[in-house]
Amino acid sequence: MEELLKILEKNARLPLEHLAAMLGTSTEDVAALMDLAADKGYIRGYEALVDWEKAGINRVEAFIELHVSPRKTRGFDEIASTIASFDEVDSLYLMSGGYDLMVTIKGKSFQEIAIFVAKRLSPLDDVLSTATSFLLKTYKRGGIVYAEEEVDERECTVL
């Protein structure tokens, strides 16, 4: 199972035949393993890594660090559940270090994200403070390098 999950994590579009050959088993066994992995919640979904900048589509992504006040009975889970329920939230992580939660938001504009933070996230009783950072450029995501090397067309004159 672990080997299949590692392969799918890198490329979920491989045909069953290729997966079976890589794993040394039958396509039926691979299909059954994939169904089992989905049923058990090991596989949460499939997604494409899209280079929105290259596609010419304006999208804004922000990372919001949150300091929160955890509840005595449920710790961070209650506030995390509330935040995760917002449609605007793409990802939410419990972190160690300088802040408690990291929220990833994707939107059409900086203003849209700022309004979400100001009107929906910051007013929550358990949110003590927020710090928002906007993604400016993606160099690598999901193990894939996005930035292409720029060709240096300058000429060098040696004297």
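Quick note: numbers below take in every heavy atom, side chains included, and nothing from hydrogens, waters or symmetry partners. Just so you know, these numbers come straight off a predicted model, no measurement behind them.
A donor-acceptor pair is defined here as one N or O able to donate and one able to accept, closer than 3.5 Å; no such pair exists between the side chain of His67 and the backbone of Leu101. Side-chain atoms of Thr130 do not come within 3.5 Å of backbone N or O of Leu66 as any donor-acceptor pair. A donor-acceptor distance shorter than 3.5 angstrom exists from the side chain of Asp100 to the backbone of Val68, with no hydrogens or angles considered.
Side-chain contact between Leu14 and Asn11 is present, with heavy atoms from C-beta onward closer than 4.5 Å. Using a 4.5 Å heavy-atom cutoff, the side chains of Thr132 and Ile105 are not in contact. For the pair Phe86/Arg120, a side-chain contact is recorded, criterion being any heavy-atom separation below 4.5 Å from C-beta on. Taking the side chain as every heavy atom from C-beta outward, Val60 and Lys106 never approach each other to under 4.5 Å.
Going from atom CZ of Arg13 over to atom OH of Tyr46 covers 13.0 Å, rounded to the nearest 0.5 Å. We find the CG-CE distance between Leu23 and Met1 to be 10.5 Å, quoted to the nearest 0.5 Å. Remark: Leu4 CG to Glu2 CD distance equals 11.0 Å, nearest 0.5 Å. With rounding to the nearest 0.5 Å, the separation of CG in Asp126 from CD1 in Ile79 is 4.5 Å. Distance check, rounded to the nearest 0.5 Å: CZ of Arg59 to OG of Ser109 gives 12.5 Å. Distance CD/Glu53 to CG/Leu135: 9.0 Å, rounded to 0.5 Å.
Heavy atoms from other residues, nucleotides or ligands lying under 6.0 Å from CG of Asn58 number 12 at most. Within 6.0 Å of CZ on Phe134 lie more than 12 heavy atoms contributed by other residues, nucleotides or ligands. Shown here is Glu78, whose CD atom has more than 12 heavy atoms of other residues, nucleotides or ligands within 6.0 Å.
When hydrophobic clusters are built by joining Ile, Leu, Val, Met, Phe, Trp and Tyr residues whose side-chain heavy atoms come closer than 4.5 Å, directly or via intermediates, Val145 is not grouped with Tyr139. Following chains of ILVMFWY side-chain contacts shorter than 4.5 Å, one can reach Leu94 starting from Val127, so the two form part of one hydrophobic cluster. Under a hydrophobic-cluster definition in which Ile, Leu, Val, Met, Phe, Trp and Tyr are linked whenever side-chain heavy atoms come within less than 4.5 Å, directly or via other members, Ile64 and Phe76 are assigned to the same cluster. Grouping the Ile, Leu, Val, Met, Phe, Trp and Tyr side chains by contacts below 4.5 angstrom, directly or via other members, places Phe63 apart from Leu124. Hydrophobic clustering keeps Val50 apart from Tyr146 (ILVMFWY residues linked when any side-chain heavy atoms are closer than 4.5 Å, directly or through intermediates).
Counting all heavy atoms, side chain and backbone alike, Phe116 lies closest to Val89 at CZ-CG2, 4.0 Å. Across all non-hydrogen atoms, the minimal contact from Ala37 to Leu5 is CB-CD2, 4.2 Å. For the pair Met34 and Ile43, the tightest heavy-atom approach, listed with the atom from each and the gap, is O-CD1, 4.3 Å.
A salt bridge between Arg141 and Glu61 is present, with a side-chain N of the basic residue lying under 4.0 Å from a carboxylate O of the acidic one.
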